[in-house]
Amino acid sequence: MALLNILCYPDPRLHTVARPVQTVDARVKTLISDMRETMYVADGIGLAATQVDVHERLIVIDVSGERNAPLVLINPELTWASEEKQLNDEGCLSVPGIYDGVERSASIKVQAIDGEGQLRTIEAQGLLAVCIQHEMDHLLGKVFVEYLSPLKRNRIKTKMLKARRDTERA
C-alpha cells in the first residue's frame, strides 16, 4: 500500500470529469487499497479518485466511528434522491480546514460496482448520503465550495493559495 497525494483546491485537476472504470482488475484493487489507506491517514470519511489525480469513477467511504466499514463505489449512478433536503456542514480533504453548509438530498439510492466487481444498490440517509453525494460531485469535477457564494468561494481560494505558498517556502 502507498499513500497518495491529495490535490488541494483550487488545483484545476479537481475539475476533471472522471471516466468509467472498465474492469475491476489488480490495478484498480491496488488503487482502492491505496485510496483507503490515504483516506484513513488523512482522517477523512470519503475520497474520490479525482482527488488523488486518477480520473476514474471510483470512491472509497467509511463513515463508521470505528473506521472498519469501508465502502467502495465504482461507476456509481444516483438512481433516486429524496425531495427532502438537509443542510449539513461539509468539509473536504481537498479543502483542508474549511467547513460550510451545503444542502443535499436527505436520502438517496445509488447503484455501483463494489471492490469485488459485483453490482450493488445502496440506500443511504444521513451522513452516508451526504458523503456519497459529496464524493460523486468530485467525479463530475465539482468541489463542495462551488455550492457557496462567490464571495465565500473567493475567500477560500485565496486562503488555500496562501497556504500553498507558505508550505512551499517552508
Side-chain angles (χ1 to χ4, degrees), residues 1-18 31-73 76 78 81-82 84-108 110 112 122 124-170:
M1 288 196 275
L3 287 180
L4 304 170
N5 182 47
I6 299 173
L7 301 177
C8 282
Y9 181 81
D11 191 308
R13 294 171 289 181
L14 288 169
H15 299 294
T16 304
V17 176
L31 178 59
I32 290 167
S33 181
D34 292 348
M35 285 176 61
R36 192 176 311 132
E37 180 181 4
T38 301
M39 175 185 68
Y40 287 142
V41 168
D43 201 27
I45 60 171
L47 187 66
T50 300
Q51 293 176 270
V52 294
D53 203 20
V54 176
H55 303 286
E56 296 181 62
R57 295 184 55 78
L58 170 60
I59 295 167
V60 296
I61 292 173
D62 190 343
V63 296
S64 70
E66 299 78 26
R67 315 297 282 155
N68 63 357
L71 180 63
V72 174
L73 303 175
L78 189 65
S82 68
E84 178 190 352
K85 305 288 185 192
Q86 288 184 329
L87 182 66
N88 298 288
D89 261 1
E90 290 188 26
C92 181
L93 294 176
S94 290
V95 193
I98 304 295
Y99 299 88
D100 212 319
V102 176
E103 188 175 78
R104 297 196 186 267
S105 293
S107 301
I108 60 169
V110 175
I122 295 141
Q125 50 275 329
L127 182 58
L128 181 57
V130 169
C131 189
I132 290 171
Q133 291 171 87
H134 176 108
E135 299 306 332
M136 285 181 69
D137 275 353
H138 279 298
L139 300 181
L140 299 172
K142 189 169 187 175
V143 181
F144 90 97
V145 298
E146 293 171 46
Y147 288 100
L148 308 178
S149 72
L151 178 63
K152 281 186 178 181
R153 196 168 43 249
N154 284 333
R155 284 183 179 163
I156 291 166
K157 182 178 182 178
T158 300
K159 183 176 183 175
M160 299 305 296
L161 290 170
K162 181 183 181 314
R164 183 186 317 164
R165 281 193 306 273
D166 292 349
T167 301
E168 289 169 355
R169 284 189 205 135

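Predicted model, so just to flag it, every value in this text is computed and none were measured.
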Exercise for review: Taking all non-hydrogen atoms of both residues into account, name the closest pair between Cys8 and Leu14 and its distance.
Suggested key: C-CD1, 3.8 Å
When you measure from the side chain of [X] to the backbone of [Y], do you find a donor-acceptor pair of N or O atoms at a distance under 3.5 Å?
X	Y	answer
Glu146	Val143	yes
Asp137	Lys142	no
Gln133	Ala129	yes
Asn88	Val102	no
Arg57	Ala18	no
Thr38	Leu4	yes
Ser82	Ser105	no

Point to revise | CA sep, side-chain torsions, deciding dist, call: Leu3, Glu37, side chain to side chain contact (heavy atoms under 4.5 Å, CB included) | key: CA-CA 7 Å; Leu3 287 180; Glu37 180 181 4; 3.8 Å; yes
Check your understanding: Does Lys159 NZ have over 12 foreign heavy atoms under 6.0 Å away?
Key -> no
Point to revise | Arg164 CZ: over 12 foreign heavy atoms closer than 6.0 Å | key: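 More than 12 heavy atoms, drawn from other residues, nucleotides or ligands, come within 6.0 Å of this atom.
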Practice item. Take Ile132 and Ile59, measure what side chain to side chain contact (heavy atoms under 4.5 Å, CB included) needs, and give me the verdict at the end. Key: CA-CA 8 Å; Ile132 290 171; Ile59 295 167; 5.7 Å; no
Practice item. Would you sort out whether Asp100 and Val145 count as a side chain to side chain contact (heavy atoms under 4.5 Å, CB included), showing the intermediate values? Key: CA-CA 8 Å; Asp100 212 319; Val145 298; over 6 Å; no
Practice item. Take Val72 and Met35 through the side chain to side chain contact (heavy atoms under 4.5 Å, CB included) test and state the conclusion after the steps. Key: CA-CA 10 Å; Val72 174; Met35 285 176 61; over 6 Å; no
Point to revise | Sequence neighbours excluded, every pair satisfying salt bridge (charged side-chain N to carboxylate O under 4.0 Å, His left out) that has a member inside residues 44-56 | key: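 For residues 44-56, and leaving out neighbouring residues, the salt bridge (charged side-chain N to carboxylate O under 4.0 Å, His left out) pairs sorted by first residue read Arg13-Asp53, Arg27-Glu56.
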Practice item. Only counting residues at least two apart or in another chain, list the ones meeting ring pair (Phe, Tyr, Trp, His ring centres under 6.0 Å) with Phe144. Key: His134
Check your understanding: Taking Val130 as the fixed residue, which of Glu90, Glu135, Gln125 is the one that meets the side chain to side chain contact (heavy atoms under 4.5 Å, CB included) rule?
Key ->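 That would be Glu90; it is the only one of Glu90, Glu135, Gln125 passing the side chain to side chain contact (heavy atoms under 4.5 Å, CB included) with Val130.
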Check your understanding: Partners of Thr50 by side chain to side chain donor-acceptor pair (under 3.5 Å), sequence neighbours excluded?
Key ->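 By the side chain to side chain donor-acceptor pair (under 3.5 Å) rule, Thr50 matches no residue at all.
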Point to revise | Lys152 to Tyr147 six-membered ring, cation-pi geometry met (6.0 Å, 45°) | key: no
